[in-house]
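All remarks here apply to the structure that follows.
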Amino acid sequence: MQSSNQEIANLFRRLATLLEIDEQNPFRVRAYRNAAETIEALSVPLARLVDEGVDLTEYPHIGREIAQMIATVVETGHLPALDEVARRVPPELADLMDVRGLGAKGVKALHDHFNLTSLDDLERAAREGRVRELSGFGPRKEEALLEGIRELRARPHQRTRGVDAERVAEPLREYLTAVAGVERVEIAGSYRRRCETVGDLDLLVACSDGEAVMAALVAYPDIERVVSHGATRSTVVLAGGLQVDVRAVEAGSFGAALLYFTGAKQHNVALRQRAVDRGLKLNEYGLFEGERNLAGADEVDVYRALDLAWIPPELREDHGEIDAAAEGMLPALITVEAVRGNLHAHTTWSDGKQSLEEMVDAARARGYEYLAITDHGPAVRVANGLTPDRLRAQLDEVAALDERLDDITLLTGCEVDILADGTLDLPDDVLARLDVVVCSIHYHLRQSREAQTERVLRALDNPHFMIWGHPTARDINRRAPIDIDLERCLAAAAERGVVVEINAQPKRLDLSDRNARLALDMGCRLSINTDAHRDIHFDFLRFGVDQARRAGATAADVINTLDVADLRRMLRSG
DNA sequence: GCCGTTTTCGGCCCGACTGTTTTCAGTCG
């Protein structure tokens, strides 16, 4: 069994943590963490890169040594350095670092004095009041650790989906905006970078009186507990468990602070290094030459002072965007406004919650130039999938409705099921009549990688296969993606002119940002679709656009930006 | 351990808050 990139990254993270507890060179520790970040962000399996003899040191934060270590992991499944440090440091100690307020120093001290290795051991020692005896610890710390353990047990670290984060973030933003003296509030962090999930929320407030803002924050009704409360920075946990960090700055520093709190961390580190290279210093208050503040009120000015174009938050991951900004080569990212229509939507003909007419009205209200009606094929029985006869009946209704409307073009279609053996659940003569054929996997999600790959490759051979719907069938936080050789399938899709979907349902976001990047690299075109099952689902479009932007997609990469004539031509020619 | 428009050594982002201290280390982001 070959290790996935994620598994390899986790090995390096664990190695870093154990070395940190073992008080090894902190820069070496950081080097392993940096390498883990790089590995996680790769869209191509390391196993394949190693097999093909690709020079891994071309990637950032991977040098000769780590490249060799990666090769060893790929070949043996083991990281010898990890086995080696595990002889000195019990590997279970790494888990203790997940307790809020406990870092490497604390873990080492606790282990050295009490010989404890588990969460249970720690809890017992704290309850018995023994932890406070330790130098550097005290009663408050002891209580905080017990609270941290409770928190960890209650909520095993799961990230919050962007759409769910929005529901709590926007009301809080409004609340803080209403505080006297507040000029501006932005939600920064991974939320602003439009990541599919967020670990916490970072709110930035421009104001003259930070203490007033912090006082208002801790009085917010929806708070479960206050973790820290300072004059310019506080951390709270909202009911429901989402952590919120709020930072107050003066307007003159807002841009620099927004830059800093938007991240990603690696992007910040790279920017700060760029500042240092120019004899400057970048922090959340501004870009400084000695005492002189060169830029700070506006993000654009900070980037410009570093000889960079402003970088959209979605690209700030230290994946080459800084070099691109320096060379004026940043992509013109696709926008919601550029999307003219939707090619995947359901009605009450199958499992949609609203009628054909209602869905069409909703699309018109949103200014779509075209809408494809793609109810399920017969295999999806629970969704009342369409038999060939029912589909033919629907085609007549869609055509009749289209005839009556002159502000939108209705396209006929179907979301066809890719069956376990790679055949489709409607016959070719029916598919041949449709404007849009979306092909998706809904069942048999646990086939082996080989079987899953063959299944999709076979389906792709069907000449009517136009759009590959939610390709990995994942449900964020609930169902893992199917196991499939995505690269091989995307290559086949590109070859056959099959378009790959970014399904904009917030629980799916499938393809993901990284996989969409891979699809573009393989030469595929994308289609961003809402997969709407009711009218308000059309508003999910922006979540799909977010992921396309994170993938670096331009309008030209996305077929929904075509006008209807070009779209028809493109879909017919394949 | 990585990195390099000051390139094979000598750096490595920077600041706020907390608790334990008595001037600061640890943790976090």
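The structure displayed is predicted, hence computed values, not measured ones. Letters go in sequence order (proteins before strands), and every chain restarts at 1.
- The side chain of Phe27(A) approaches dG1(B) more closely than any other nucleotide in the set dG29(B), dG1(B), dA16(B).
- At whole-Å resolution of the value, NZ in Lys141(A) and P in dA25(B) are 15 Å apart.
- Protein atom CZ of Arg30(A) is 15 Å distant from nucleotide atom P of dG11(B), rounded to whole Å.
- Between Glu133(A) atom CD and dT20(B) atom P the separation is 12 Å, expressed in whole Å.
- Note: CZ (Arg100(A)) to C1' (dC17(B)) measures 13 Å, nearest angstrom.
- For Arg140(A), counting side-chain heavy atoms from C-beta on, the closest listed nucleotide (dG29(B), dC2(B), dT20(B)) is dT20(B).
- Between Glu147(A) and Arg100(A), no side-chain nitrogen of the basic residue sits less than 4.0 Å from a carboxylate oxygen of the acidic one, so the salt-bridge criterion is not met.
- With salt bridges taken as basic N to acidic carboxylate O contacts below 4.0 Å, none links Arg132(A) and Glu143(A).
- Set against dC2(B), dG15(B), dC12(B), the side chain of Ile66(A) has dC2(B) as its closest nucleotide.
- Rounded to a whole Å, the CZ atom of Arg274(A) is 16 Å from the P atom of dC14(B).
- Listed pair Arg132(A) / dG19(B) fails the phosphate criterion, with no side-chain N or O lying under 4.0 Å from OP1 or OP2.
- If you measure from atom CD of Glu151(A) to atom P of dC28(B), you get 11 Å, rounded to the nearest angstrom.
- The phosphate of dG29(B) (OP1 or OP2) has a side-chain N or O of Gln243(A) nearer than 4.0 angstrom.
- Residue Ile502(A) comes nearest to Ala516(A) through the heavy atom pair CD1-CB, 3.9 Å, listed as atom of the first residue, atom of the second, then distance.
- Distances were taken from every side-chain heavy atom of Val276(A) (C-beta onward) to each of dG29(B), dT27(B), dC13(B); the shortest belongs to dC13(B).
- For dC13(B), the OP1/OP2 oxygens have no side-chain nitrogen or oxygen of Tyr285(A) closer than 4.0 Å.
- Asp202(A) comes within contact range of the sugar-phosphate backbone alone, with a heavy-atom separation under 4.0 Å but no base atom that close.
- For Lys105(A), taking side-chain heavy atoms from C-beta onward, the closest of the listed nucleotides dG26(B), dG29(B), dC14(B) is dG26(B).
- The distance between atom CZ of Phe288(A) and atom C1' of dG15(B), rounded to the nearest whole Å, is 12 Å.
- Between the CG atom of Asp245(A) and the C1' atom of dC17(B) there is a distance of 11 Å, rounded to whole Å.
- dC12(B) and dT6(B) are spaced 16 Å apart, taking the C1' atom of each and rounding to whole Å.
- Of the side-chain N and O atoms in Asn283(A), one or more sit less than 4.0 angstrom from OP1 or OP2 of dG15(B).
- Closest heavy-atom contact between Phe543(A) and Pro506(A): CD1-CG, 4.0 Å.
- When the side-chain nitrogen and oxygen atoms of Ser228(A) are compared with OP1 and OP2 of dC28(B), none of them lie within a distance under 4.0 Å.
- Ranking dG1(B), dC13(B), dT18(B) by closeness to the Arg272(A) side chain, first place goes to dC13(B).
- For the pair Asn268(A) and Tyr260(A), the tightest heavy-atom approach, listed with the atom from each and the gap, is ND2-O, 2.8 Å.
- A salt bridge does not link Arg542(A) with Glu337(A): none of the charged nitrogens is closer than 4.0 Å to a carboxylate oxygen.
- Rounded to the nearest Å, the gap between the C1' atom of dG11(B) and that of dA16(B) is 25 Å.
- Contact check, Arg233(A) against dA16(B): no side-chain N or O comes under 4.0 Å of OP1 or OP2.
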